[in-house]
Amino acid sequence: MPELPEVETIARLIRPRLEGRTIEGCEVRWTRTLGGLSRPAFARAVVGARLARVWRRGKFLVADLEQGGRPAGALVGHLRMTGRVHVEAAGFDPGPYLKVRLALDDGTSFYFIDVRKFARLCFAEESASLLGELGPEPLSPEFTASWLASALRGRRRSLKPLLLDQTFVAGIGNIYADESLHRAGLHPLARADRVGTSRAAVLHREIRATLAEAIEREGSSFDAFYRTPEGNPGRYQDQFRVYGRTGAPCPRCSAPIARIVVGQRGTHLCRRCQKR
DNA sequence: ATCCTATCCTGGCTGC
DNA sequence: TGCAGCCAGGATAGGA
């Protein structure tokens, strides 16, 4: 699923193709993708706007818009599980799952594609209203070991649901939660407030290392869904220590990787390396 | 505060 | 080979 490293990869690849472009037209094939706005209202808001800046927050892709040099709202995209993004010249075949196409002033188009219809591409006057209450960016300076240690201290939840909670920390999904917890030697069901300061520091370090390495490899493509905007799969799935490796040997101790369900999510761990 | 369940969707897998 | 049924999963909403 597109999590922080995949969305960051996408943002980096489409940024140079989008920034400075003006939207000249739009085609909406599935209204619900717009998250509540009607097609005409969406078209009125975005057509004629200039894509001033493309950035990422958590798992959200954001494009700040301008009209006549003044701020004019933002496009906020979330790929959920099967969303994909392309910026391509005329003649590109987006396939049967195209949801929204934005025609740009250089003849290319921005394609928003989604098989399962969960992904969203929304317009808002203020991007913050769609981003909600997100926790800190795990790769930013404000996400420190001491912040994490004290944030964990106040929570009684299990570690994994907490890491998946976007209001706690932004951008971590099922894959990188499992990978980070294994690397930190922490059990997904361990209670947050029982993780000590030194263990919290290890978790902090491993979350950042996992995300940074995944970005370096342009994310993970463990199924047919995630591709970069250039159509390439990521390369981090080859580095998975636990995710999707049920029964395979733990890379650290060779015990078989177990699969349990935590908060309705498939969860992978090594019972020997990750004690409660 | 935290947990649980349902909802949204469809390709792909399993079992017969 | 065909087909029914189940499953995954990010976010959110509603109930316990």
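Treat the numbers as computed from the prediction; the structure is a model and nothing was measured. Chain letters run A, B, ... following the sequence lines, proteins first and then strands; every chain starts at 1.
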Distance, rounded to the nearest Å, where A:Leu79 contributes CG and C:dA11 contributes C1': 13 Å
Interatomic distance, A:Asp114 CG vs B:dC9 C1' [rounded to whole Å]: 9 Å
A:Arg252 atom CZ: more than 12 heavy-atom contacts under 6.0 Å: no
d(CZ, A:Arg116; C1', C:dA11) in whole Å: 15 Å
By side-chain contact (heavy atoms from CB on, under 4.5 Å) - contacts of A:Ala124 (at least two apart): A:Ser129, A:Leu130
Partner residues of A:Glu230 under the side chain to side chain donor-acceptor pair (under 3.5 Å) criterion, sequence neighbours left out: A:Arg17
Overall bend - the helix from B:dT2-C:dA16 to B:dC16-C:dG2, comparing terminal axes fitted on five pairs, nearest 10 degrees: 50°
Steps toward side chain to side chain contact (heavy atoms under 4.5 Å, CB included) verdict (A:Leu181, A:Leu269): CA-CA 8 Å; A:Leu181 287 169; A:Leu269 75 154; over 6 Å; no
Below 4.0 Å: OP1/OP2 of C:dG10 and any side-chain N or O of A:Lys59: no
Any A:His78 side-chain nitrogen or oxygen under 4.0 Å from OP1 or OP2 of C:dG10: no
A:Asp114 and A:Arg120 ion-paired at < 4.0 Å: no
Detail all sub-3.5 Å separations between protein N/O atoms and N/O atoms belonging to nucleotides 12-16 of chain C.
none

Out of C:dA11, C:dG9, B:dC9, whichever nucleotide has its closest atom nearest the side chain of A:Arg32: B:dC9
Out of C:dG10, C:dA11, B:dG11, whichever nucleotide has its closest atom nearest the side chain of A:Tyr97: B:dG11
Sugar-phosphate only, base, or nothing, as touched by A:Gly266 at under 4.0 Å among non-hydrogen atoms: sugar-phosphate
Partner residues of A:His182 under the ring-ring contact (aromatic ring centres under 6.0 Å, His included) criterion, sequence neighbours left out: none
Whole-Å gap separating C1' (C:dG9) and CG (A:Leu164): 11 Å
Same cluster (ILVMFWY, side-chain, under 4.5 Å), A:Leu164 and A:Leu152: no
Qualifying residues under ring-ring contact (aromatic ring centres under 6.0 Å, His included), relative to A:Tyr111, sequence neighbours excluded: A:Phe92
Distance, rounded to the nearest Å, where A:Met81 contributes CE and B:dG11 contributes C1': 12 Å
So which protein N/O to nucleotides 1-5 of chain B N/O distances come out below 3.5 Å?
| from | atom 1 | to | atom 2 | distance (Å) |
| --- | --- | --- | --- | --- |
| B:dT2 | OP1 | A:Arg156 | N | 2.8 |
| B:dT2 | OP2 | A:Arg155 | NH1 | 2.9 |
| B:dC3 | OP2 | A:Arg157 | NE | 3.0 |

Which residues share a salt bridge (charged side-chain N to carboxylate O under 4.0 Å, His left out) with A:Arg101, sequence neighbours left out: A:Glu27
A:Phe60 and A:His78 aromatic ring geometry - parallel, tilted or perpendicular at 30°/60° bounds: perpendicular
Nucleotide C:dA11, atom P - distance to CG of A:Leu131 in whole Å: 12 Å
Any residue meeting side chain to side chain donor-acceptor pair (under 3.5 Å) with A:Glu8, in chain and number order, not counting sequence neighbours: A:Arg12, A:Arg56
Provide a list of protein-nucleic acid N or O atom pairs under 3.5 angstrom, restricted to nucleotides 5-7 of chain C.
none

Geometric class of the A:Phe143/A:Trp147 ring pair [parallel <30°, tilted 30-60°, perpendicular >60°]: tilted
For A:Arg50, all residues meeting side chain to side chain donor-acceptor pair (under 3.5 Å), sequence neighbours excluded: A:Glu66
Gap between atoms NZ and C1', on A:Lys99 and B:dT10 respectively (whole Å): 10 Å
Remaining members of hydrophobic cluster (4.5 Å side-chain criterion), A:Ile257: A:Val242
A:Tyr176 side chain near C:dG10 phosphate (N/O to OP1/OP2, under 4.0 Å): no
Between P of B:dG11 and CZ of A:Phe118, the distance in whole Å: 12 Å
